[in-house]
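Notes to accompany the following structure.
Protein chains get the first letters and strands the later ones, always in sequence-line order, with residue 1 at the start of each. Side-chain atoms are counted along with the backbone in the values below, which use heavy atoms only and exclude waters and symmetry mates. Predicted model, so just to flag it, every value in this text is computed and none were measured.
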Amino acid sequence: MTDEKKLTPRAQDFSAWYNEVVVRAELADYAPVRGCMVVRPYGTALWENCQQSLDRRFKETGHQNALFPLLIPMSFLQKEAQHVEGFAPELAVVTHGGGKELEEPLVVRPTSETVIGYMYAKWIRSYRDLPILINQWGNVVRWEMRTRLFLRTLEFYWQEGHTAHATYEEAQEETIRMLNIYADFATNDAAIPVVTGRKSDAEKFAGADASYSIEAMMGNKWALQAGTSHNLGQNFAKAFNIQYLDRNNELQYCWTTSWGLSTRIIGGIIMVHGDDQGLKFPPKLAPYQVVIIPIWRTEDQKSTVLEAAERLRRELAERFRVILDAREEVTPGWKFNEWELRGVPLRLEIGPRDVEQGTAVLARRDIPGKAGKSVVPVAGLSHAVGELLDLIQANLLAAATAFRDANIHEPKDYQELKEVVADGWAKAYWCGDPACEAKIKDETKATSRNIPLDQGDAGPGSCIVCGRPAKEWAYWARAY
RNA sequence: CGGGGCGUAGCGCAGCCCGGUAGCGCGCUUGGUUUGGGACCAAGAAGUCGUCAGUUCAAGUCUGACCGCCCCGACCA
């Protein structure tokens, strides 16, 4: 950062831009332990809005919240072979408690399938107990090598849904239902367009029969897996004896699912919408939707302007999340820049001229400079603000969608795929052979993001790598 | 774990090559003037120079070990 006032431009160093904007906007800060972060009040407010949006959808589809313990017996992890293999390298293990070495080490949960499976086995007896639909809001720890604020930290905050069903069909239906809820949240609340699809075997969750994801394109054209939903088949049911008696009095294993979305979505919101000025929050999730900035010169003006500003704040607060920035130690110009950095969708300026004329100035974060400003009468202001926020929300999604679509390519051959994924996404047929997938990863750093459930009207084709017949195409991209 | 960078005031850095007891910008405090796109003047407060050991009359500076953080890669939500 050469100019202390300005962020590193995204085009110059996207990674530096990201780190600077996260810290300077006060979303998060580095904690004393490597790879851990503190989510500051502003970032927490954003996360809480994400939580509310998701929680409402979970409740609407019949889920209940519960809380399971942070510590899990080591042996639980080992009950499911794939699961332990996948998570063993990144476990934090507690070996001592109360000053004594523990008989059995406890792991700090990297995810909760195992404890929840254990409890489900206790709770489920009959088909009448099914389905069981529980969600947990909490934190988990995964000992990652390389960390980045929000995108990958040792500890992160998320929700994990865990359900048990009587049949495969029901479990699969649930898996896809929750995937679609994530897509709906991302698209309509976070204004992030996503592609939904099935993960390849190499990319799927350790212990799942099938994993599905929503994938979003960031401002540097990398992909971000922003939410996952897994059909766990009977893997955990068998490992933990989650069984029920069916109508015929026969003992059956349950079919379980799990699905999660984390604070990583905040990284997505930052990297999809942000620009060189800073953050650009979608109105539906923004901690503050409107910031009011009063402007005055003389003491007389100060009192009348502040009075008018406070009136507007009260009026707007009935419908919107609004903050009045009446600080006197910084100038209005400084505030403009700061709140733009912090991503507030709409700024309301009110000065002596406005008070006299019964007007206010509204400035849109999504349209820079004078072009985004308009003078509006304070009568009916609330209505005007509501309309503008809707417009901004729609505009952010439209801009992100246009950017994404402009950077998804359909390479004709492997050579072209290599070129394409260096700076964008590829749609390409894949025969399903892990060797072909690995070859792409080795040679381009791009991975298969997912195989869309909706393959469009494309019929079968031939694998972009080996040329053999391929039933499906996948998205390929570099990913976080 | 491999490669790179960095640890000096709250933040960003200079000083280190060539040892002599610490400085700049921003921020902070106080007072005054300012305020429609990152204001200005004046006076202040603030540092065990990452840790430990060594060399030396003397170490931020030289030597060694260690610790930590960030970035790039391999692994991952």
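When heavy atoms are screened at a 4.0 angstrom cut-off, A/Asp354 is found touching base atoms of the nucleic acid. Across all strands, A/Glu349 comes closer than 4.0 Å to base atoms (heavy-atom distances). Note on A/Ile293: nothing from the nucleic acid sits closer than 4.0 angstrom, heavy atoms only. Counting any heavy atom pair closer than 4.0 Å across all strands shown, A/Pro89 reaches no nucleic acid atom. Using a 4.0 Å heavy-atom criterion, one finds that A/Lys441 contacts the sugar-phosphate atoms exclusively. A/Tyr30 comes within 4.0 angstrom of sugar-phosphate atoms only, judged by non-hydrogen atoms across all strands, and of no base. As judged by a 4.0 angstrom heavy-atom cut-off over every strand, A/Glu328 is placed among residues making no nucleic acid contact. Among the protein residues, A/Gly351 comes within range of the nucleic acid bases, having at least one heavy atom under 4.0 Å from a base atom. Heavy atoms of A/Thr147 sit under 4.0 angstrom from primed sugar atoms or phosphate atoms, though from no base atom. Using a 4.0 Å heavy-atom criterion, one finds that A/Arg347 contacts the bases of the nucleic acid, with or without backbone contacts as well. A/Arg109 comes within contact range of no nucleotide atom at all, as no heavy-atom separation falls under 4.0 Å. Among the atoms of the strands shown, only primed sugar atoms or phosphate atoms (P, OP1, OP2) are found under 4.0 Å from some heavy atom of A/Ser15. Within 4.0 Å (heavy atoms only), A/Val361 reaches at least one base atom of the nucleic acid.
Taking atom CH2 on A/Trp339 and atom P on B/G38, their separation rounds to 19 Å, with Å as the unit. A straight line from CG of A/Asp29 to P of B/C69 spans 14 Å, rounded to a whole angstrom. Atom CG of A/Asn337 and atom P of B/U35 are 18 Å apart (whole Å).
Under a 3.5 Å cut-off, the side chain of A/Thr444 and the backbone N or O of A/Lys418 do not form any donor-acceptor pair.
Projected onto RNA chain B by closest heavy-atom contact, A/Thr228 and A/Glu329 fall at different nucleotides, the more 5' of which corresponds to A/Glu329. Map A/Ala226 and A/Gly35 each onto its nearest nucleotide of RNA chain B; the residue landing nearer the 5' end is A/Gly35.
Nucleotide B/G36: unpaired (no Watson-Crick or G-U wobble partner with both distances less than 3.5 Å). Both distances falling under 3.5 Å, in either a Watson-Crick or a G-U wobble arrangement, place B/C1 opposite B/G73. Remark: B/C6 base-pairs with B/G68. Criterion, Watson-Crick or G-U wobble with two distances under 3.5 Å. The partner of B/G20 is B/C57, by the rule that a Watson-Crick or G-U pair needs both atom distances under 3.5 Å. Under the Watson-Crick or G-U wobble criterion, with both distances below 3.5 Å, B/A42 is paired with B/U30.
For residues 74-89 of chain A, every residue pair satisfying the side chain to side chain donor-acceptor pair (under 3.5 Å) rule, not counting sequence neighbours, is listed here: A/Ser75-A/Glu104.
Distances shorter than 4.0 Å separate some side-chain N or O of A/Arg478 from OP1 or OP2 on B/G73. Contact check, A/Asn19 against B/C71: a side-chain N or O comes under 4.0 Å of OP1 or OP2. At B/A39, one or more side-chain N or O atoms of A/Thr331 fall inside 4.0 Å of OP1 or OP2 (strictly under the cut-off).
Inter-residue side-chain proximity for A/Leu312 and A/Ile350 is flagged as met; some heavy-atom pair is nearer than 4.5 Å. Between A/Val385 and A/Gln289, the closest side-chain pair of non-hydrogen atoms is not below 4.5 Å.
Remark: A/Arg342 qualifies as a cation-pi partner of A/Tyr42 under the 6.0 Å distance and 45° angle criteria applied to the six-membered ring. Taking the centre and axis of the six-membered ring of A/Phe156, the NZ or CZ atom of A/Arg142 falls outside the cone set by 45° and 6.0 Å. Relative to the six-membered ring of A/Trp222, A/Arg404 misses at least one condition, a distance below 6.0 Å or an angle of at most 45° to the axis.
Atom name C1', nucleotides B/A14 and B/G7: the rounded distance is 15 Å, in whole Å. Only the P atoms considered, B/C62 is 9 Å distant from B/G19, to the nearest whole Å. Comparing the same atom, C1', in B/G15 and in B/A22 gives a spacing of 8 Å after rounding to whole Å. Here the separation of B/U48 from B/G73, taken at their C1' atoms, is 38 Å to the nearest Å.
Residue A/Trp222 places its side chain closer to B/G73 than to any other of B/G36, B/G37, B/G73. Picking from B/C71, B/U35, B/C75 the nucleotide with the shortest atom distance to the side chain of A/Glu144 gives B/C75. Distance from the side chain of A/Lys5 is smallest for B/G38 among the nucleotides B/G38, B/C75, B/U35. Relative to the side chain of A/Lys445, the nucleotides B/U35, B/G73, B/G36 differ in distance, and B/G73 lies closest.
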Legend entry - salt bridge (Lys or Arg N to Asp or Glu O under 4.0 Å) evaluation trace for A/Lys199 with A/Glu215: CA-CA 10 Å; A/Lys199 300 297 275 187; A/Glu215 304 275 339; 2.7 Å; yes
